[in-house]
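These notes concern the structure reproduced below.
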2 protein chains.
Amino acid sequence: MSEAEPAAVSLSHRVPDLGALELLIAVARLGSLGRAARARGISQPAASSRIRSMERQLGVALVERSPRGSRLTDAGALVTDWARRVVEAAEAFDAGAQALRGRRDSRLRVAASMTIAEYLLPGWLIALRAQWPGTAVSLHAGNSRVVAERLLGGEADLGFVEGLDVPSGLDGAVIGHDRLVVVAAPSHPWSRRRTELTAAELAKTPLILRERGSGTRQVLDAALGGHGGLAEPLLELASTTAVKAAVVSEAAPSVLSELAVGEELTARRLVEIPVRGLRLGRDLRAVWPTGQRPVGPARDLLGLTRGG
Amino acid sequence: MSEAEPAAVSLSHRVPDLGALELLIAVARLGSLGRAARARGISQPAASSRIRSMERQLGVALVERSPRGSRLTDAGALVTDWARRVVEAAEAFDAGAQALRGRRDSRLRVAASMTIAEYLLPGWLIALRAQWPGTAVSLHAGNSRVVAERLLGGEADLGFVEGLDVPSGLDGAVIGHDRLVVVAAPSHPWSRRRTELTAAELAKTPLILRERGSGTRQVLDAALGGHGGLAEPLLELASTTAVKAAVVSEAAPSVLSELAVGEELTARRLVEIPVRGLRLGRDLRAVWPTGQRPVGPARDLLGLTRGG
DNA sequence: CCTGCACATAACCCCAGCTTATGCCCTCAT
DNA sequence: ATGAGGGCATAAGCTGGGGTTATGTGCAGG
């Protein structure tokens, strides 16, 4: 079959939906379709048919059925592992989305910078829910100024900002660190350099970057100002994901937040290129109105982020 | 773990399905519901209604509609970022599943250890597809012995194994490194130690571990053999995901593959605890039958994994 | 041998999501 | 000013995937 490449049918037609993946994970854990069905609140035939159609869709036998129960096949174990990662991402999505809904009765109102809201908050919220179930959290994302306004206006109980200083009127505690890193594909010449890159070299190399106006772009512009300024980008893209994909395939480097490329670095899909004498770090801070140390749920969340 | 599954209606009821997430991402990129609809091969009303029902489901306005097009709201931008991560996980799932299907006409037949198949291969396959589209890959997962058998039996073109030595009859190249790391929740006392942990201390501490027989468990057992052997685990769980969750909440440490906890470490949901004088590293190797250097698609894939 | 458990099959129902057809609104060029 | 066009919404109707209940089959163990 000659799978025409442009309209390469969407993922949703080739990947089972979340319900099916959750069911598969339940089967893995419980060792029987029937028990998994009960755990997920559906009938046994529904589970049976769901798993079967998943096997048909993937073209792989996932579970070995027997009159004593069901075990995963080798392929099934692998598929289940991959499924868990999809479900984890979905859980993060859910945690974030629930917070965005911003119900009035939230016990904890958080205001956070975009980077923190995007990469870190969902994980914190999941941990918070695990540890103190029933804590309704609402989230508002915005830049440092907005975060400060909401805290001082009593519209938020706890804030998170990245940057060099704490907005006036607020107290804060450093809870982590973000750092822009120069990354390239493993096949790029820079990945094999023995000598460190210099800031000047970096400045004069056309990079793949997010479009002007993005936070990381601004930081980078400022940091390289003293080294002749940033060269004209080779490519400007709208999303970080697009940039990462382009770095892998276009064989040009980029500069991205460590938080955005952590996974790619550990999997060596991307390689970090050290740059001599360039400091592109930013502290991540929790902040609150001066004098008003967080209490209750705010204190709980703060604890999760820094090991309280 | 008693896991009392509090009927918290499944994720699939709270998270839009993949089709909807892909559509949202298309809207973000193209700036109009109609264009996004066309890009995804559905009609404009379908897209309109899909987005609308997603907004209803999440309880958040995602796009700002105007007679000139549609832009994301602030919340929409955040949701889209989270959606991208779900879709990325789904892409990895898809890439892996397609390879598992193991079509006979595959141009590249890979045999890999479980750890590599689980964490690294999907990413490589995505990159491979991006760079050389149309390379059909088939995957078989098994331990080192199985990988060697398949290579020597001509049933696989390229293998990947982890471990200290190269199986006899095979040549290999180191393509990466895996390392078991001791991890604890940020709130755990070990996270604030000023002095390094000793292997003996680690050995006598009850840990949260995967069940006996798992690969990482075996390596750990062996490494601590000289330090009095491993203490009785505090908890034995079936999946790595379950272990990670327990470490965060149960406040006991664990030892896991760096590949499994990379993301948690960069997000500081978990903290790595250095241990004095304990080497828990394993090389990751690509392998092939002695003398038969990989050519064609196998060489392409090999290049991706090590920067050829 | 019968009971219990686990999975499969069958018949039916419902609704999410798709399509086509059409209408409204705004902008821009004639 | 006006008509054309792009963009979103509404309406009506179809389809299929996923759900349910009821029932059948196969194997282990008291």
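Proteins get letters first, then strands, A, B, ... in listed order; numbering begins at 1 in each.
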## Note on the structure
Rounded to whole Å, CE of A/Met54 lies from P of D/dG18 at a distance of 10 Å
### Message
Using a distance-only criterion (donor-acceptor N/O pair, under 3.5 Å, no hydrogens), is the base of C/dA6 paired with the side chain of A/Gln44?
### Response
no
### Query
Taking OP1 and OP2 of D/dG7, is either one under 4.0 Å from a side-chain nitrogen or oxygen of B/Arg35?
yes
### Query
So, is A/Arg68 near the phosphate of C/dC5, with a side-chain N or O under 4.0 Å from OP1 or OP2?
no
### Message
How many whole angstroms separate atom CZ of A/Arg71 from atom P of C/dA6?
### Response
13 Å
### Message
From the set D/dC8, C/dT20, D/dT21, return the single nucleotide nearest to any side-chain atom of B/Pro45.
### Response
C/dT20
### Query
Given atom CD of A/Glu64 and atom P of D/dG26, what is their separation to the nearest angstrom?
19 Å
### Query
So does B/Ser43 get a side-chain nitrogen or oxygen closer than 4.0 Å to the phosphate oxygens (OP1/OP2) of C/dT19?
yes
### Query
Salt bridge between A/Glu211 and A/Arg217, side-chain N to carboxylate O under 4.0 Å?
no
### Task
State whether the number of non-hydrogen atoms from other residues, nucleotides or ligands found under 6.0 Å of B/Glu64 atom CD is greater than 12.
no
### Summary
Against the side chain of A/Arg65, the closest entry in D/dG19, C/dA8, D/dG18 is C/dA8
### Query
A/His13 has an atom NE2; how far is it from atom C1' of D/dG16, in whole Å?
12 Å
### Task
Looking only at side-chain atoms of A/Ser70, point me to the closest of C/dG17, D/dA9, C/dC7.
C/dC7
### Query
Is the shortest side-chain N/O distance from A/Arg50 to OP1 or OP2 of D/dG19 below 4.0 Å?
yes
### Query
A/Arg38 has an atom CZ; how far is it from atom P of C/dC7, in whole Å?
9 Å
### Query
Under 4.0 Å: is that the gap between some side-chain N or O of A/Ser48 and OP1 or OP2 of C/dA8?
yes
### Task
Report yes if at least one side-chain N or O of B/Ser32 is closer than 4.0 Å to OP1 or OP2 of D/dC8; otherwise report no.
yes
### Message
side-chain contact (heavy atoms from CB on, under 4.5 Å) for B/Leu209 and B/Leu220? Distances and angles first, verdict last.
### Response
CA-CA 10 Å; B/Leu209 291 177; B/Leu220 183 60; 3.9 Å; yes
### Task
With the side chain of B/Pro67 defined as its heavy atoms from C-beta on, choose the nearest nucleotide among C/dC25, C/dT9, C/dC18.
C/dC25
### Query
Do B/Phe160 and B/Trp124 have ring centroids that are under 6.0 Å from one another?
yes
### Task
Measure the distance from CZ on A/Arg56 to C1' on D/dG18 and round it to the nearest whole Å.
12 Å
### Query
Could you state the CZ-P distance from B/Arg40 to C/dC18, rounded to the nearest angstrom?
11 Å
### Message
Between P on D/dG17 and CD on A/Gln57, what's the gap in Å once rounded to a whole number?
### Response
11 Å
### Any donor-acceptor pair under 3.5 Å from A/Glu236 side chain to A/Arg210 backbone
no
### Message
Let's see if you can work this out: which of D/dA28, C/dC18, C/dA6 has an atom nearest to the side-chain heavy atoms of B/Ile42?
### Response
C/dC18
### Task
Report which part of the nucleic acid A/Ser66 touches: base, sugar-phosphate, or nothing (heavy-atom distance under 4.0 Å, all strands).
sugar-phosphate
### Minimum heavy-atom distance B/Ser106-B/Val137, with the two atoms named
OG-C, 3.9 Å
